[in-house]
Every structure is written in C-alpha cells, then in structure tokens.
Amino acid sequence: MSETEINRLALHAVHEALGASFALHAGWRLPETYGDSEDEYARLRSNAVAFDRSDRTRLLLSGTDAATVLGAVFGEAAGELEEGRALRAVALDAGGRIADLALVARTGGIAYIVMGEPGRGAATLSMLEAAVGEGYDVVIQDRTATTCLMGIAGPGAAEAAAQHVNEALPPRLPSMHAAPFEFHGYRALAIRTSSLGEDGFELMVAPPVAEHLLGLLRGAGVAPAGAAAQEIARIEAGVPAFAPDLETGLTPAEAGLSEALGLRPEEPSRLLSALLFEGNATPPVGAPALAGEQVVGELRSCAHSFALDAAAGLAILNLNQSQPGTAITVGGENALVAQKPLYRRRKT
C-alpha cells in the first residue's frame, strides 16, 4: 500500500503531539499506543479511557424511504428501528457472507446513521445506492471525512460522560440508544454502546469539537487508549472485526452472530471460536489451527491479554473442534477453545 493510499485520522496531528506511535489497520494509520499499552488497558478495565474511532465509516440516510433502503441491505430489524434506538446489523453479499458489520441508529423521524467497519464504506455505500428504487425519497451521504467518532469506555464511562460531556447523557441513554446532544454549543450525536466488553459511548462530532473533547477528557484524567489496548479488549470480549476476522468470507452463523443479531439460527460447518493459549507467544494471523496433525481451521486474531497473562485469540474452526475445552495447536503454541467472553469482571 502506497503512502497516498493510507488514510489518516482528522486528529492525526493531535495524536502525534500526544506521543502516539502509529500502525496500519485496514488501510488507516491509527494510534497504536501512547507509550504504555498495558497502562492504557488497565485504565480501560478500572476506570475509563477515550479513543478515536474515526476509521469507522459513517453513512447518513434520510428521507421517507430511508427505512426501506436500510432494511433491504441490513435486514428488517434495521428498517424497523424506533427513533432513538440502535442495533448491530450485518450487510450480506450475494453469497450470504458478511460484507459489513455495522452499528445502525435511528437519529430522527426519517434519519439514520450507519457506522460500519473500517474500509467497508465504499462497498456498503454501493449496496445502499443499489437498493434505492425509482422515485424513492432518500438521500445517502458519506460523513466519514467530515466528522469524527470518539469513544469513551470503561466502568467509569458513565461518570466521565456526565461530568465532562453532557450531564444528561447517562440517564438519558440506556444501552443501544442514541440521542443528539450539545457539547459546548455544538451539535453532536451519542450512542451508548461499546465493542470492548465495557460500558461506553460513541460520540459523532465535528473534528474541532473532537479535539476539544479529547483535551477536556485528558485534563480530567480520562487518558487516551490506542489500538493495541482496544484490540486486546475486543478479543477478550469475543467481538469479531471485519479485518481480520470476517474478511475471509464468513456467514453470520459462522461468525457466531446469528443469535446476537436476531437472525434465523443455522448450524454452520465451522465457527469463529475463542482461544486461550498456554503462554504469552502470539502466533501470526492466518496460522493454521491443528487438532493433533489435522488442520481444523486458522487463527484470525491474536494478542497478549494482560488480564489473563496469556495470549488470547479468535480462530475459525471446524464445528466439531469448536467446543470449549478442545485442545488446539497454532504455530507450535498450545491452546484451548474457550467460552466467550474470555474476560469477565469479578463481582464484589
């Protein structure tokens, strides 16, 4: 990939000034860490962190036929959303494989936002445009380049949002709800959700507002967390990402998403499963998964888990090797198939 093909966040210079080191993820140069990914992860699990999710696509649909178009691509449930509600949905290609995994929210009477996986914006936009029938009243706008998507996550996320973003957000927003709000006189959109196994908020704002918000949160002790800490938490939560988990071509059933997405249950021949390794070594993505000497799948995600003091991963495995407790070898490292999520907060 050439330098001209690499996408940069609108706040790239801001992250650079904060001491971030960068790495490529799905064509985006993202903050990998601000110096200590273990500390960033610990803050996520113990209090709250802020992060920049602006690599995710943001497509705005509006008009009286917006729900029809949305339903044609992301399923009936997406088209039937009540105002102020949000859900996870998948767009499928002609072969029934996942083309995009999106957070869909109805932000107004006939207005919706689709927040899709990094790098999937063009494909999803084409699918939505193809679903527009003759005479439809619908406008589709790509807001990825003109907005930022900032996140707050952790057990202290609600308190941080109330104190430093808008005091009405936590009580106003149950999980998977969306609402417009004002931040220092600017219009913004909040969705209460997190893909990191913690309470959280995703905030769609203009770039100058995002910079101010990040600075305000940092000043209040809510430090930024890079992609490395987020990736560990995502894998521990068992949440697939398009790259690298789904890009090989998985159906919702194979990705283990049918129940969560409210889709008709199907028994697949393979399943995206969680692995917990015996040691800290992290085999590379794409490494074959073995049961004895038989290849039974391949590793799709892997990272060292600070909480579990071991490597954790997601692998696509043959169904009969996907049961928790099954012994697997990947890249010479021993692992066991584990129940999702891998990380569970201890109750006190």
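The analysis underlying the following values was restricted to heavy atoms, covering all of them including side chains, and did not include hydrogens, waters or symmetry mates.
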Donor-acceptor contacts under 3.5 Å from residues 287-295 side chains, at least two apart:
none

Before you tell me yes or no, could you show the steps for Met115 and Thr57 under side-chain contact (heavy atoms from CB on, under 4.5 Å), namely the whole-Å CA-CA distance, both residues' side-chain angles and the distance that decides it to 0.1 Å?
CA-CA 5 Å; Met115 298 178 177; Thr57 59; over 6 Å; no
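- Side-chain heavy atoms closer than 4.5 Å link hydrophobic residues (I, L, V, M, F, W, Y) into clusters, and following such links, possibly through other members, connects Leu246 to Leu92.
- Gln339 places a side-chain heavy atom less than 4.5 Å from the side chain of Arg344.
- With Thr33 contributing its side chain and Asp36 its backbone, the two residues share a donor-acceptor pair below 3.5 Å.
- Within the model, atoms CD1 of Ile140 and CZ of Arg143 stand 13.0 Å from one another, a figure rounded to the nearest 0.5 Å.
- Among the candidates Asn7, Leu11, Thr144, Leu9, the single residue satisfying the side chain to side chain contact (heavy atoms under 4.5 Å, CB included) test with Ser54 is Leu9.
- The hydrophobic cluster containing Tyr112 does not contain Leu173, counting ILVMFWY residues as joined when their side-chain heavy atoms lie under 4.5 angstrom apart, directly or transitively.
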Considering only distance and modelled atom types, tabulate donor-acceptor pairs under 3.5 Å from the side chains of residues 227-238, sequence neighbours left out.
from, atom 1, to, atom 2, distance (Å)
Gln230, NE2, Ala225, O, 3.2
Gln230, NE2, Gly226, O, 3.3
Glu231, OE1, Arg234, NE, 3.0
Glu231, OE1, Arg234, NH2, 3.4
Glu231, OE2, Arg234, NH2, 2.8
Arg234, NH1, Val239, O, 2.5
Arg234, NH1, Asp245, OD2, 2.8
Arg234, NH2, Asp245, OD2, 3.4
Arg234, NH2, Ser301, OG, 2.9
Glu236, OE1, Tyr41, OH, 2.7
Glu236, OE1, Arg45, NH2, 2.5
Glu236, OE2, Tyr41, OH, 2.9
Glu236, OE2, Ser305, OG, 2.5

Could you walk me through whether Ser21 and Tyr34 pass the side-chain contact (heavy atoms from CB on, under 4.5 Å) check?
CA-CA 6 Å; Ser21 58; Tyr34 296 85; over 6 Å; no
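- No side-chain heavy atom of Val337 sits under 4.5 Å from any side-chain heavy atom of Gln323.
- Two residues are said to be in side-chain contact when any heavy atoms from C-beta on lie closer than 4.5 Å; Pro31 and Pro224 fail this criterion.
- With a 4.5 Å cut-off on side-chain heavy atoms, Glu333 and Glu278 do not count as touching.
- Counting all heavy atoms, side chain and backbone alike, Val285 lies closest to Arg300 at CG2-O, 3.2 Å.
- Listed by first and then second residue, the side chain to side chain donor-acceptor pair (under 3.5 Å) pairs involving residues 168-180 are Arg85-His177 (not counting sequence neighbours).
- For Glu117 and Arg56, the salt-bridge test passes: some basic side-chain N is under 4.0 Å from an acidic carboxylate O.
- With rounding to the nearest 0.5 Å, the separation of CD1 in Ile98 from CD in Glu247 is 12.5 Å.
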Acceptor/donor pairs from residues 59-79 side chains to any protein atom, 3.5 angstrom cut, sequence neighbours excluded:
from, atom 1, to, atom 2, distance (Å)
Thr64, OG1, Asp137, OD2, 2.8
Asp65, OD2, Asp137, N, 2.7

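- Nearest heavy atom pair, residue Arg43 against residue Gly221, reads NH1-O, 3.5 Å.
- More than 12 heavy atoms of other residues, nucleotides or ligands shown are found within 6.0 angstrom of CD on Glu83.
- Residues Trp28 and Pro118 share a closest heavy-atom pair of CD1-CB, 4.4 Å.
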Just list the side-chain donor-acceptor pairs under 3.5 Å for residues 151-158, sequence neighbours left out, or say none.
none

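- Under the 4.5 Å side-chain heavy-atom criterion for Ile, Leu, Val, Met, Phe, Trp and Tyr, Phe51 and Leu103 are members of distinct hydrophobic clusters.
- Closest approach of Arg120 and Ala99 over heavy atoms only: NE-O, 2.8 Å.
- By the 4.5 Å heavy-atom criterion applied to side chains, Leu87 and Leu81 are counted as neighbours.
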Going through the checks in order, is the side-chain contact (heavy atoms from CB on, under 4.5 Å) test met by Leu317 and Leu271?
CA-CA 5 Å; Leu317 301 174; Leu271 188 66; over 6 Å; no
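- Residues Leu314 and Leu336 fall into different hydrophobic clusters, defined by Ile, Leu, Val, Met, Phe, Trp and Tyr side chains chained together at heavy-atom separations under 4.5 Å.
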Sequence neighbours excluded and cut-off under 3.5 Å, please list the side-chain donor-acceptor pairs for residues 199-207, or say none.
from, atom 1, to, atom 2, distance (Å)
Asp199, OD1, Arg192, NE, 3.1
Asp199, OD2, Arg192, NH2, 2.8
Glu202, OE2, Arg53, NE, 3.1
Glu202, OE2, Arg53, NH2, 3.1

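- The stretch residues 306-322 participates, sequence neighbours left out, in no side chain to side chain donor-acceptor pair (under 3.5 Å) pair at all.
- Hydrophobic clustering, defined by side-chain heavy atoms of Ile, Leu, Val, Met, Phe, Trp and Tyr closer than 4.5 Å, leaves Phe22 isolated from every other such residue.
- For residues 87-109, the pairs satisfying salt bridge (Lys or Arg N to Asp or Glu O under 4.0 Å) are Asp93-Arg97, with sequence neighbours left out.
- Between Ile328 and Asn334, the closest side-chain pair of non-hydrogen atoms is not below 4.5 Å.
- Considering Val222, Val14, Asp52, Val209 as possible partners of Leu214, the one that fulfils the side chain to side chain contact (heavy atoms under 4.5 Å, CB included) test is Val14.
- Annotation: side chain of Phe183 is in contact with side chain of Leu216 (closest heavy-atom distance under 4.5 Å).
- Under the side-chain hydrogen bond (donor to acceptor under 3.5 Å, both in side chains) criterion, Glu159 pairs with Gln163, not counting sequence neighbours.
- Here the closest non-hydrogen pair linking Ile191 and Ala86 is CG2-CB, 4.0 Å.
- Taking all atoms of both residues into account, the shortest heavy-atom contact from Leu276 to Ala310 is CD1-CB, 4.2 Å.
- A heavy-atom distance below 4.5 Å is found between the side chains of Phe306 and Ser37.
- In this structure, the separation between OG1 on Thr329 and CZ on Phe277 is 9.0 Å, given to the nearest 0.5 Å.
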Result block: side-chain N/O donor-acceptor pairs under 3.5 angstrom for residues 253-270, not counting sequence neighbours:
from, atom 1, to, atom 2, distance (Å)
Glu254, OE1, Thr251, N, 3.0
Glu254, OE2, Arg270, NE, 3.2
Ser258, OG, Ala253, N, 3.4
Arg264, NH2, Glu266, OE2, 3.2
Arg270, NH2, Gly249, O, 3.1

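- Residue pairs meeting the side chain to side chain donor-acceptor pair (under 3.5 Å) criterion with at least one partner in residues 205-223, sequence neighbours excluded, are His184-His212.
- Cluster annotation: Leu196 and Tyr343 are assigned to distinct hydrophobic clusters (Ile/Leu/Val/Met/Phe/Trp/Tyr, side-chain heavy-atom contacts under 4.5 Å, transitive).
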